[in-house]
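Everything below concerns the one structure shown next.
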Amino acid sequence: MTKVIRTENLTKVYNHTVVPVHALGGVDLEVEKGEFTAIIGPSGSGKTTLLNMIGGLDHPTSGRVFVGDTEMTALKESKLIDFRLRNIGFVFQSYNLIPVLTAKENISFIMLLQKRSKEEMEARAIQLLQEVGLTDKADVRPQKLSGGQQQRVAVARALASRPQFVLADEPTANLDTQSAFNLLDIMQKLNEEEHITLLFSTHDQRVIDRARRVIKLVDGKIASDERR
Ligand SMILES: Nc1ncnc2c1ncn2[C@@H]1O[C@H](COP(=O)(O)OP(=O)(O)OP(=O)(O)O)[C@@H](O)[C@H]1O
Ligand SMILES: [Mg+2]
């Protein structure tokens with residue numbers, strides 16, 4: 001099996017607070033290619049902190065993060081930005097789409113940063129719009145899309161760069177039941193048919209039910225880790 005993500009004794013202390021907050025207390029985690037993993041745990045247990053470290057969005061206090069063979073925690077900021085762009089797809093609970101761009105343009109945006117050819121961008125964006133069931137919304141801006149549709153655009157955008165894995169921090173938190181099921185169907189299909197590696201944090205039982213592996217954090221440590 002290919003390891004896509006590996007963390008070694010990852011700790012995070014937030015020090016700028018009145019009392020230092022020990023958000024992660026030594027997390028060792030390995031994720032194999034094609035896994036669909038849910039990170040669960042009470043509010044404040046460190047889920048978002050862990051995803052931010054694995055995504056290279058924030059630096060750990062100690063410990064290391066590897067993505068494939070690359071030690072991401074050893075990369076200088078400029079290299080890190082480029083590495084993240086090429087290797088990691090992000091989906092946030094608030095979608096974070098660019099309001100002045102259409103659905104298709106939002107999906108193409110990362111490929112533009114990656115300096116892909118126009119033809120390649122166009123073909124990939126059309127394919128992804130189809131995969132998330134939004135072909136007819138290609139030229140619509142986010143404000144005219146429902147929350148569920150915006151989140152599907154966000155998923156398509158995350159996949160545009162063909163990342164090694166997709167990180168999602170509570171991707172269904174703001175979605176109604178039908179939209180959440182729609183999104184989960186799409187993610188599950190991408191996982192099963194294209195072997196896309198997914199790592200989600202969630203409180204949502206619907207997400208937990210779909211995941212093949214469930215890791216529970218308590219007080220910044222892995223309390224349980226079950227594959228099924
Ligand atoms: N930027 C920050 N500065 C200071 N403390 C922080 C910061 N971010 C998180 N924390 C603290 O670190 C701990 C872990 O927070 P984190 O956001 O990772 O938890 P979480 O499991 O994602 O919670 P939730 O389920 O509510 O999203 C909490 O005690 C939180 O208050
Ligand atoms: Mg969180």
Side-chain angles (χ1 to χ4, degrees), residues 4-31 35-67 72-73 75 77 80-81 84 88-97 147-148 150-152 154-155 157-158 163 165-177 179-181 183-184 187 191 197-228:
V4 181
I5 302 166
R6 183 158 65 86
T7 75
E8 258 179 35
N9 201 14
L10 210 55
T11 76
K12 179 67 176 179
V13 184
Y14 292 105
N15 267 319
H16 55 272
T17 41
V18 180
V19 180
V21 178
H22 293 261
L24 291 180
V27 172
D28 292 300
L29 173 65
E30 289 185 349
V31 176
E35 281 197 305
F36 183 169
T37 305
I39 298 179
I40 64 168
S43 181
S45 58
K47 301 182 297 296
T48 297
T49 302
L50 179 59
L51 290 189
N52 286 346
M53 305 292 131
I54 291 173
L57 297 172
D58 194 3
H59 300 282
T61 303
S62 68
R64 306 199 286 176
V65 177
F66 293 85
V67 171
M72 207 169 48
T73 33
L75 298 178
E77 199 64 25
L80 176 63
I81 291 168
R84 221 163 44 202
I88 307 174
F90 295 92
V91 177
F92 301 94
Q93 55 175 285
S94 52
Y95 327 131
N96 286 348
L97 299 176
Q150 289 185 53
Q151 193 59 309
R152 277 143 67 194
V155 168
R157 179 187 55 181
F165 61 92
V166 173
L167 288 182
D169 196 7
E170 303 199 33
T172 58
N174 292 324
L175 300 182
D176 62 72
T177 302
S179 301
F181 277 124
L183 183 80
L184 288 167
M187 301 302 286
N191 174 253
T197 309
L198 305 174
L199 186 61
F200 289 6
S201 84
T202 193
H203 290 281
D204 185 341
Q205 190 57 44
R206 299 167 298 194
V207 179
I208 300 167
D209 289 343
R210 303 284 182 109
R212 306 284 305 281
R213 180 179 179 190
V214 178
I215 294 173
K216 184 174 188 186
L217 284 185
V218 176
D219 294 336
K221 294 195 169 116
I222 294 180
S224 65
D225 180 353
E226 285 169 14
R227 287 189 172 91
R228 57 200 190 193

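In this text, all values refer to a predicted model and were calculated from it rather than measured experimentally. What's counted below: heavy atoms across the whole structure, side chains too, no hydrogens, waters or symmetry copies. Just follow the structure's listing: the first ligand is 1, and inside any ligand the first atom is 1.
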Original post:
For the Mg ion (ligand 2), which protein N/O/S atoms are closer than 2.8 Å?
Top reply: Thr48 OG1
Original post:
Of the protein's non-hydrogen atoms, which lies at the shortest distance from atom 6 (C) of ligand 1, and what is that distance?
Top reply: Tyr14 CD1, 3.2 Å
**OP:** Find all atoms of ligand 1 within a distance of less than 4.0 Å from any non-hydrogen atom belonging to Thr17, and give their numbers and elements.
**Re:** 4 (C)
Original post:
Can we say Arg6 and Glu8 salt-bridge, meaning some charged N sits less than 4.0 Å from an Asp/Glu carboxylate O?
Top reply: yes
Subject >> Heteroatom distance test (Gly41, ligand 1): nitrogen or oxygen, under 3.5 angstrom >> reply: no
**OP:** Apply salt bridge (Lys or Arg N to Asp or Glu O under 4.0 Å) to Glu35 and Arg227, showing your working.
**Re:** CA-CA 10 Å; Glu35 281 197 305; Arg227 287 189 172 91; 2.5 Å; yes
Subject >> Heavy-atom closest contact (Phe90 atom, Arg157 atom, distance) >> reply: O-NH2, 4.4 Å
**OP:** Measure across Leu175 and Arg206 and return the closest heavy-atom pair with its distance rounded to 0.1 Å.
**Re:** O-NH2, 4.2 Å
Original post:
Is there side-chain contact between Pro60 and Thr11, with heavy atoms separated by less than 4.5 Å?
Top reply: no
Original post:
Who's the nearest protein heavy-atom neighbour of atom 26 (O) of ligand 1, and how far?
Top reply: Ser43 OG, 2.5 Å
Original post:
With atoms numbered from 1 as shown, which atoms in ligand 1 lie under 4.0 angstrom from a non-hydrogen atom of Ser45?
Top reply: 19 (O), 21 (O)
**OP:** For atom 14 (C) of ligand 1, decide whether some protein heavy-atom distance is shorter than 4.0 Å.
**Re:** yes
**OP:** Please work out which of Asp169, Thr202, Thr49 has its closest non-hydrogen atom nearest to atom 16 (P) of ligand 1.
**Re:** Thr49
**OP:** Give the numbers and elements of all ligand 1 atoms closer than 4.0 Å to a heavy atom of Pro42.
**Re:** 21 (O)
Original post:
Going by atom types only, do Thr49 and Asn52 share a side-chain donor-acceptor pair under 3.5 Å?
Top reply: no
**OP:** Take atom CG of Asp219 as the centre, draw a 6.0 Å sphere, and report whether it contains more than 12 heavy atoms from other residues, nucleotides or ligands.
**Re:** no
Original post:
Just distances here: any N/O of Val21 and N/O of ligand 1 closer than 3.5 Å?
Top reply: no
**OP:** For ligand 1, indicate whether the residue Thr48 contacts it via side chain, backbone, both or neither (heavy-atom separation under 4.0 Å).
**Re:** both
Subject >> Any non-hydrogen protein atom less than 4.0 Å away from atom 31 (O) of ligand 1 >> reply: no
Original post:
Looking at Phe36, is Arg212 sitting on its ring face, NZ or CZ under 6.0 Å from the six-membered ring centre and within 45 degrees of the normal?
Top reply: no
Original post:
Under 4.0 Å from any heavy atom of His16, which atoms of ligand 1 are there?
Top reply: 3 (N), 4 (C)
Subject >> Heavy-atom check, side chain of Val166 versus side chain of Thr197, under 4.5 Å >> reply: no
Original post:
Do Asp58 and Met53 have side-chain heavy atoms sitting under 4.5 Å apart?
Top reply: yes
Original post:
Where is the nearest protein heavy atom to atom 23 (O) of ligand 1: which residue, which atom, and how far?
Top reply: Gly44 N, 2.8 Å
**OP:** Specify the closest pair of heavy atoms between His59 and Lys12, including all atoms of both residues, with the distance to one decimal.
**Re:** O-NZ, 2.8 Å
Subject >> Nearest atoms (heavy-atom pairs only) where Asn9 meets Asp28 >> reply: N-OD1, 2.7 Å
Subject >> Carboxylate-amine/guanidinium proximity below 4.0 Å for Asp169 and Lys47 >> reply: no
Original post:
Would you say His203 contacts ligand 1, with heavy atoms under 4.0 Å as the rule?
Top reply: yes
Original post:
Looking at atom 27 (O) of ligand 1, what's its closest protein heavy atom, distance included?
Top reply: Glu170 OE2, 3.4 Å
